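Note that ligands are numbered from 1 as they come in the structure, with each ligand's atoms numbered from 1 the same way. These values consider heavy atoms only, across backbone and side chains, with no hydrogens, waters or symmetry-generated copies. Note that this is a predicted model, so its numbers are computed, not measured.
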Amino acid sequence: MSRPETGTDDGGPSELIEQTGAALDEGQYPLAITNNRDLYELELRRVFGRAWVYLGHVSEFAEPGDYARRYIGEDPFIVTRDENGELHAFLDSCMHRGAQFCTAESGNTSHFRCPYHGWTYKNDGSLQGMPHMAEAYQDLDEEEISLEEAHLDTHQGLVFGRIADEGPSLREYLGDFAWYLDLLFGTTAEGMTVVGEPHRWESDHDWKTSADNFSGDSYHVLTTHQAGLETENLSRGPWEELDDFPGASYLACTDRHSIGYYLSEDEGTFMGYPEEIEEYLNPDLSDEQRDLFSRSVFHFGTVFPNMSIIHGIQSGGWGGPWACIRKWNPRGPGTTETTSWWLVPKELAGDESFLEDSHRGWESLSPGGAFESDDLTIWEGISDSSGAVTHELRDTRGNMQQGMGAMSDEVETMDDPIHGPAEVTSKGLYFDERNSRTILRSWYEMMREETPATDGGTAGRAAGEVDCGADCGTGGGPEGET
Ligand code: FES
Ligand SMILES: [Fe+2]
């Protein structure tokens with residue numbers, strides 16, 4: 001694939017970026033930004049080269065030597081836990097000739113040996129040695145050679161990596177959204193754990209489309225998923241309790257990220273988890289977080305750029321409750337590889353009956369489930385049509401105006417303390433697209449900045465100072481410009 005010069009403003013892409021910023025003020029956006037080759041190349045650099053990108057969960061790297069292949073943009077990184085218990089993310093590219101040194105998706109190893117000429121690296125990224133080192137590399141300072149490493153930090157067990165040297169710390173990047181992540185991934189005292197291997201599948205849709213959808217698009221549900229909703233048996237389980245469902249919905253948008261949630265009036269809902277969940281609740285949760293969780297039915301959100309969350313209630317037809325993390329890996333213009341992790345509270349990880357129901361819930365949103373194929377068909381169509389030259393030549397605008405100005409009297413700004421820090425609106429599923437505007441605004445803010453420069457080769461060494469034993473908590477990452 002040819003890669004255009006980046007960091008320069010060359011007319012087309014730059015103009016589209018600026019048009020997006022201006023159009024968003026009116027609740028619109030150029031449809032041509034979806035599945036756009038030139039913009040895609042800039043996204044890899046300006047969004048994925050700059051943002052904190054989700055890489056996995058600490059429970060996947062429980063033991064020294066555990067590793068898995070994960071991506072920042074299209075770049076293949078290997079997340080490892082070294083022998084001292086620290087987490088790293090190394091680019092899978094040997095420092096000799098650039099060969100990929102890791103051939104498996106995941107596993108456990110203390111060393112990686114490059115298959116080309118045999119250079120060997122420890123799982124902390126340092127060079128261990130190479131064949132004929134004493135004879136052939138007499139003057140080599142092996143201390144100077146180590147794998148290229150991303151900055152890495154964690155929050156509530158969520159592992160994030162960043163390529164750029166400069167930028168906000170992870171905690172600053174998450175901002176007020178951390179309140180919601182603390183609730184969703186620090187629900188119980190022991191936290192969440194990933195069960196099994198994540199699922200992966202590829203589809204011909206733009207990563208932005210699914211990041212937008214999961215950020216709070218309830219509007220599509222009764223149209224896109226109408227057939228699925230009619231065939232699934234929703235008449236059992238806590239759904240029954242929701243007299244006004246699906247009316248009790250909220251959107252919480254911080255300056256970068258967005259989450260939607262449905263609440264019941266019943267304070268004992270707890271998403272339909274087994275009743276022991278109340279004993280397991282994390283004592284660090286605030287009263288507001290606890291109250292919100294006790295009434296929770298469904299959460300779905302997006303941490304910009306490409307991590308999404310979906311956490312659903314137990315229901316007769318669907319199974320559940322289930323928590324899922326999605327990652328929308330860009331794989332070319334208009335192409336995305338989705339990774340889907342299933343998580344449960346650690347305290348319930350041995351409860352077979354709960355696991356069976358929870359797994360069924362997770363599977364209901366997978367390529368084999370009724371709902372995923374509904375979405376994929378639509379998203380692929382968006383990618384197909386949005387790449388149309390017609391949109392580019394006619395400067396066609398898509399619409400995200402729900403909830404703006406005089407569009408709806410129904411949207412109400414909430415200051416009820418049960419909601420976290422964010423601009424929270426209610427009510428109704430269909431009257432606010434603030435979530436979409438938030439996510440696209442984040443895209444615009446990153447795309448309008450020049451491609452970030454790095455000083456090369458030092459990223460991980462700074463991040464490696466962070467102790468990532470079980471969870472780095474909120475501390476950590478490098479700080480700089482915001
Ligand atoms: S490319 Fe890895 S040892 Fe030569
Ligand atoms: Fe959907």
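- Checking each of Ser308, Ser258, Ser210 against Thr302 for a side chain to side chain donor-acceptor pair (under 3.5 Å) leaves exactly one that passes, namely Ser308.
- Taking the N/O/S atoms of His96 in turn, the shortest distance to atom 4 (Fe) of ligand 1 belongs to ND1.
- The six-membered or imidazole ring of Tyr250 lies near that of Tyr261, with a centre-to-centre distance under 6.0 Å.
- Between the Fe ion (ligand 2) and the N, O or S atoms of His220, the shortest distance is to NE2.
- Each of the atoms 3 (S) of ligand 1 lies under 4.0 Å from some heavy atom of Gly118.
- For CG of Asp409, the number of neighbouring non-hydrogen atoms (other residues, nucleotides, ligands) closer than 6.0 Å is 12 at most.
- A side-chain N or O of Ser436 and one of Asp212 form a donor-acceptor pair less than 3.5 Å apart.
- At the top of the distance list for atom 1 (S) of ligand 1, counting protein heavy atoms only, stands Arg97 N, 3.3 Å.
- The atoms of ligand 1 that sit less than 4.0 Å from any heavy atom of Ala99 are 1 (S).
- Listed by atom number, the atoms of ligand 1 under 4.0 Å from Trp119 heavy atoms are 3 (S).
- Taking 2.8 Å as the criterion, Asp375 counts as a coordinating residue of the Fe ion (ligand 2), since one of its N, O or S atoms falls below it.
- Within the coordination shell of atom 2 (Fe) of ligand 1, defined by N, O or S atoms under 2.8 Å, Cys114 is present.
- Heavy-atom neighbours of Glu26 CD from other residues, nucleotides or ligands within 6.0 Å: at or below the threshold of 12.
- When distances from the Fe ion (ligand 2) to the N, O or S atoms of His225 are compared, NE2 comes out shortest.
- When ring centroids are compared, Tyr29 and Trp443 stay outside the 6.0 Å threshold.
- With 2.8 Å as the limit, His117 does not count as an N, O or S neighbour of atom 2 (Fe) of ligand 1.
- Figure legend: Arg326 and Phe300 shown without cation-pi pairing, the cationic atom not lying both under 6.0 angstrom from the six-membered ring centre and within 45 degrees of its axis.
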